[in-house]
Protein chains: 2
Amino acid sequence: MTSTATRSRENTRARLLDAAAQVFAEAGLDGATVEAVCERAGFTRGAFYSNFESKDELFLTLAGTVAEERLNAVREQVTGMAAEGALGDADPVELVQRVMDAGGDDRLSVMLMSEIRIRALRDPAFGEAFLAQESELVASIAEIIRDIVDTGAIALRLEPDLAARLLMIAWEGMTVRGAMAADGEARLHDIASEALGRLVEALTV
Amino acid sequence: MTSTATRSRENTRARLLDAAAQVFAEAGLDGATVEAVCERAGFTRGAFYSNFESKDELFLTLAGTVAEERLNAVREQVTGMAAEGALGDADPVELVQRVMDAGGDDRLSVMLMSEIRIRALRDPAFGEAFLAQESELVASIAEIIRDIVDTGAIALRLEPDLAARLLMIAWEGMTVRGAMAADGEARLHDIASEALGRLVEALTV
DNA sequence: GTCTATAGACAGATAGAC
DNA sequence: GTCTATCTGTCTATAGAC
């Protein structure tokens, strides 16, 4: 049923979304021009307006797919870790880092998330959606925390939900600051990881 | 030595900066127009370009004053708390909240800080300045933490510097999410405070 | 034939800077 | 208030792929 035409169309949309992620991250939602997105994707504006209603619809679609991918990545990590039964004996610090790695920590992801965050602050409806999606993410992280605690390997000084939320926020804050440092993002991940590890140690008994 | 002319000039600059804080917060750095800033300040664009070289210089100046005010507010709280000798017996949770209150937590401050953060991500030189200023802030917070620990009233499960950094990041993350919630900012401060308090409890012995 | 993408030009609006 | 530059969104005529 999927004709080559629709396949090609999906492909065009995907390429436009990929390009949009880069351009929005680099120039910001306002600074990014439809022209720039098209140029990077290798299309003309004609193709763009044949696939998206407006720049705003493009951004909303992009934000939706990013959110979905983030959530899926974390959930896969969670179910994967549960399946391999690495909960009881593994280092909790390492486990947390594995889950957090699922959310992007490269410079582009950080900047794109910042744009999404700004939009969530400015647009109440989008903000609610953002918070709802993030709550699902937190729930997934809290789930793995609960599983680990249930094995009796460690005890937590905070409820799993609040701990998950704080870990996520701390991770975000550290990666953002890492991305600001001019000396490259090589250390970005390491710095964030180390700080997160110390926080986890402090929160576990 | 300050003639009425320079006094008036300073006044104009101050009003433009106040207006800029609002407009930049609401519309973003790109979305904000010089016209909108002037209109809110009650001036024409002519007056603007007589006081600032460009929109960008206005933003940079504004970011500088915001950073300075933030740092001063926190330092005042710190020295104030040290002076009144409330360190030994007071609830550490309450102390942390007092310090954090010094950084703005209203909707406008949150959005303006987000704009500054985005710019810091995009402009390496500005990013370095931002990080340097924030390090001073962290140092001030760490100082008060160290003072409290020195009284022997509590012990910390984390070095004061890292604890200060994490508290600041957690505060920022919670206030941002509070500002996203459509149900108003009445609870913004309370939600952030509660989460912070729980974190402090978990980090203290 | 049908659908997608292209090039190019269009208007309308708006911005920054002076 | 002017000048210049730019962007969005639209439209047409055209070509290519299946």
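Residue numbering restarts at 1 for every chain, and letters A, B, ... go by the order of the sequence lines.
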### Task
Would you sort out whether A:Arg165 and B:Glu194 count as a salt bridge (charged side-chain N to carboxylate O under 4.0 Å, His left out), showing the intermediate values?
CA-CA 13 Å; A:Arg165 188 149 240 129; B:Glu194 203 213 324; over 6 Å; no
### Message
If I take atom CZ in residue B:Phe52 and atom C1' in nucleotide C:dG16, what distance separates them, rounded to the nearest angstrom?
### Response
16 Å
### Task
Locate the shortest heavy-atom distance separating B:Leu71 from B:Gln133; write the atom from each residue and the value.
CB-NE2, 3.8 Å
### Message
Applying a 4.0 Å non-hydrogen cut-off, can you work out what A:Gly31 is touching in the nucleic acid: base, sugar-phosphate, or nothing?
### Response
nothing
### Minimum-distance nucleotide to A:Ala47 side chain [options: C:dT6, D:dG9, C:dG16]
C:dT6
## Note on the structure
When rounded to whole Å, the CD to C1' distance for the pair A:Glu35 and C:dA7 reads 11 Å
#### Entry: Distance, rounded to the nearest Å, where A:Glu39 contributes CD and C:dA7 contributes P
12 Å
### Task
Give one of base, sugar-phosphate or nothing for A:Ala32, where a contact means two heavy atoms less than 4.0 Å apart.
sugar-phosphate
### Message
Measure CZ/A:Phe48 against P/D:dT10 and give the value in whole Å, please.
### Response
11 Å
### Task
Please tell me which of A:Gly46 and B:Gly46 maps to the more 5' nucleotide of DNA chain D, matching each residue to the nucleotide holding its nearest heavy atom.
B:Gly46
### Message
Starting the side chain at C-beta, find the nucleotide from C:dG16, C:dA5, C:dC10 nearest to B:Arg45.
### Response
C:dG16
### Query
To the nearest 0.5 Å, how far apart are CD1 in A:Ile144 and CE in A:Met81?
4.0 Å
Solution key, residues 16-27 of chain A side-chain donor-acceptor pairs under 3.5 Å, sequence neighbours excluded:
| from | atom 1 | to | atom 2 | distance (Å) |
| --- | --- | --- | --- | --- |
| A:Gln22 | OE1 | A:Arg40 | NH1 | 3.1 |
| A:Glu26 | OE1 | A:Arg40 | NH2 | 3.3 |
| A:Glu26 | OE2 | A:Arg40 | NH1 | 3.2 |

### Query
Can you check the A:Asp30 CG to D:dT8 C1' distance for me, whole Å?
13 Å
### Task
Calculate the interatomic distance between B:Tyr49 atom OH and D:dC3 atom P; express it in whole Å.
17 Å
### Task
Establish, yes or no, whether a centroid distance under 6.0 Å links the rings of B:Phe126 and B:Phe130.
no
### Message
Rounded to whole Å, please give me the gap between CD in A:Glu53 and P in D:dG9.
### Response
9 Å
### Task
Find the distance A:Asn11:CG to D:dC18:C1' and express it as a whole number of Å.
16 Å
### Message
Can you identify which nucleotide, out of C:dA17, C:dA15, C:dA9, has its nearest atom closest to the B:Thr33 side chain?
### Response
C:dA15
